[in-house]
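Beneath this line is the structure, given in structure tokens, with notes to follow.
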Amino acid sequence: MEQHFFSLLSVSVMVPVARGPLQPAASSAHLLHEAYRLRIPPRDRLVHRTLKGHELQTQHKHITAMNCKAMVVTLAVLAQTLAQEPVLLHYHEHVGIPEATRIKEMEQALDGDGNRIVGGEPTAVGTYPFLVGLVINLTSGGTSVCGSSMLSNTRAVTAAHCWFDGRNQARHFTLVFGSARLFSGGTRVGTSRVEVHSGYRPTTLNNDIAIISFNHVEYTDVIQAVALPSGALLGSTFAGSWVHAAGYGRTSDSTGITMNQIQSHVALQVMSNAVCRQFYGSIVIGSTLCTSGAGGVGTCGGDSGGPLVISSGNQRVLVGVTSFGAVSGCQLGYPAGFSRVTSYLSWIQERI
């Protein structure tokens with residue numbers, strides 16, 4: 001019987017294309033995104049990608065059970081083409097500390113605020129009233145930055161690596177409520193009361209979640225708690241759903257603060273963990289939630305710990321806590337990784 005298929009991790013890499021002229025060869029990230037988007041290949045035509053020298057070449061092939069065996073590239077070529085992308089570890093020294101320096105300098109120099117979410121757009125203060133900035137004092141004497149989400153008048157949730165990234169230990173958080181700026185403005189509350197999940201592993205970023213306790217902060221028009229999942233959302237994987245990330249982080253791999261810095265947000269599509277695992281391997285576990293980076297959109301440096309929310313009814317519900325991205329950068333099409341809130345719901349609720 002004739003077989004029609006494409007494979008992402010076998011030695012043959014085949015991606016469906018429309019009839020017509022050959023298209024330029026794509027990156028491995030693009031190949032995986034296309035496979036995810038299209039799901040089912042056409043029955044009569046596939047693209048077979050091979051590596052010759054330093055150039056990917058594309059050939060049309062009519063696939064049958066016989067000639068599938070001939071369309072094989074070596075494992076060495078596959079390793080070069082679809083090698084798994086490492087995630088960025090040791091957040092504070094690579095991202096948080098230099099980002100904090102840029103933010104502070106630009107806030108002091110400019111009469112304005114800047115955006116960080118890659119591929120997104122600025123959003124006014126109060127659009128995400130549960131977004132809480134974190135200015136972090138490290139035991140080394142350095143300063144770093146993260147985001148978090150307000151859960152109640154006295155609790156917020158963030159990424160565990162914002163408190164300890166495997167090398168750098170925080171000693172104090174300043175929580176910034178209702179402000180576009182991180183180093184001035186808004187309601188500012190200090191605390192060192194942080195509970196990291198007991199299963200957190202800095203080397204893999206598994207269970208990358210922590211609860212912050214702080215003195216009572218009143219709700220206002222621009223300061224509100226985020227809703228937690230309930231009902232039908234509890235059993236959802238959210239794969240294919242559209243969600244929003246918000247934060248104070250960078251807007252690109254090459255820029256820090258812009259002349260009109262404010263909080264930013266971006267719409268992202270959730271992908272299945274199976275597809276995300278094609279990029280990052282065993283880093284992706286059941287309690288991970290991934291969003292597609294197709295089109296160069298996603299979270300970036302400085303967004304760690306911030307919210308990923310889905311609209312449900314008349315409210316936005318927290319489904320993810322920003323955890324990791326590709327070490328190569330934010331704009332190359334790799335997925336972003338989040339701690340899946342439904343996996344930690346009981347743990348969170350016990351601490352509110």
Side-chain angles (χ1 to χ4, degrees), residues 91-118 120-150 156-159 161-165 168-194 210 212-215 217-218 220-224 245-265 299-307 321-322 330:
Y91 166 82
H92 289 301
E93 63 192 72
H94 293 301
V95 177
I97 295 172
E99 186 69 2
T101 301
R102 279 191 293 266
I103 291 173
K104 188 172 184 179
E105 289 176 351
M106 292 300 290
E107 285 185 355
Q108 291 173 342
L110 298 175
D111 182 19
D113 302 288
N115 48 52
R116 303 290 179 284
I117 291 281
V118 172
E121 57 187 28
T123 183
V125 174
T127 304
Y128 293 88
F130 43 81
L131 172 61
V132 182
L134 298 179
V135 178
I136 304 168
N137 297 117
L138 302 172
T139 56
S140 64
T143 300
S144 186
V145 292
C146 270
S148 66
S149 299
M150 190 177 191
V157 63
T158 190
H161 75 258
C162 292
W163 184 248
F164 177 62
D165 68 3
N168 302 277
Q169 175 66 62
R171 64 173 178 82
H172 187 268
F173 283 169
T174 298
L175 289 84
V176 184
F177 299 84
S179 176
R181 296 183 182 226
L182 281 174
F183 287 90
S184 63
T187 299
R188 311 176 75 80
V189 177
T191 187
S192 296
R193 292 175 287 160
V194 178
I212 309 168
S213 299
F214 50 88
N215 293 338
V217 173
E218 292 290 341
T220 70
D221 289 344
V222 296
I223 302 174
Q224 294 287 326
Y248 292 93
R250 299 172 114 190
T251 54
S252 75
D253 291 320
S254 60
T255 61
I257 304 301
T258 63
M259 292 297 290
N260 56 351
Q261 179 214 348
I262 57 175
Q263 296 174 7
S264 294
H265 69 147
T299 53
C300 200
D303 293 322
S304 280
V321 175
T322 305
C330 311

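- Here the shortest heavy-atom pairing between P307 and L131 reads CD-CD1, 3.5 Å.
- Residues V157 and I212 fail the side-chain proximity criterion, which asks for heavy atoms closer than 4.5 Å.
- No hydrogens or angles considered: a donor-acceptor pair under 3.5 Å links the side chains of S304 and H161.
- S148 places a side-chain heavy atom less than 4.5 Å from the side chain of V132.
- Taking every heavy atom of both residues into account, C162 and H92 meet most closely at O-NE2, 2.8 Å.
- Checked against the 6.0 Å centroid criterion, the rings of F214 and F177 qualify as a close aromatic pair.
- Side chain of T322 to main chain of A159: no donor-acceptor pair is present (N/O by atom type, distance under 3.5 Å, no hydrogens or angles).
- The shortest non-hydrogen separation linking D221 to P129 is O-CB, 4.4 Å.
- Here the side chains of N215 and T191 are not in contact, with every heavy-atom distance at 4.5 Å or above.
- In plain terms, the two heavy atoms of I223 and M150 that are nearest each other are CG2-SD, 3.6 Å.
- Residues T143 and L138 fail the side-chain proximity criterion, which asks for heavy atoms closer than 4.5 Å.
- A donor-acceptor pair under 3.5 Å links the side-chain atoms of S192 to the main chain of R171, judged by distance alone.
- If you take CZ on F183 and CZ on R188, they are separated by 8.0 Å, rounding to the nearest 0.5 Å.
- In this structure, F173 and V135 have side chains that are not in contact, with every pair of non-hydrogen atoms separated by 4.5 Å or more.
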| Full working for side-chain contact (heavy atoms from CB on, under 4.5 Å) between L134 and V176 | CA-CA 6 Å; L134 298 179; V176 184; over 6 Å; no
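- The CZ atom of F164 lies 6.0 Å from the CD atom of Q169; values are rounded to the nearest 0.5 Å.
- A donor-acceptor pair under 3.5 Å is absent between the side-chain atoms of S144 and the main chain of I136, judged by distance alone.
- In this structure, T174 contributes its side chain and V189 its backbone to no donor-acceptor pair below 3.5 Å.
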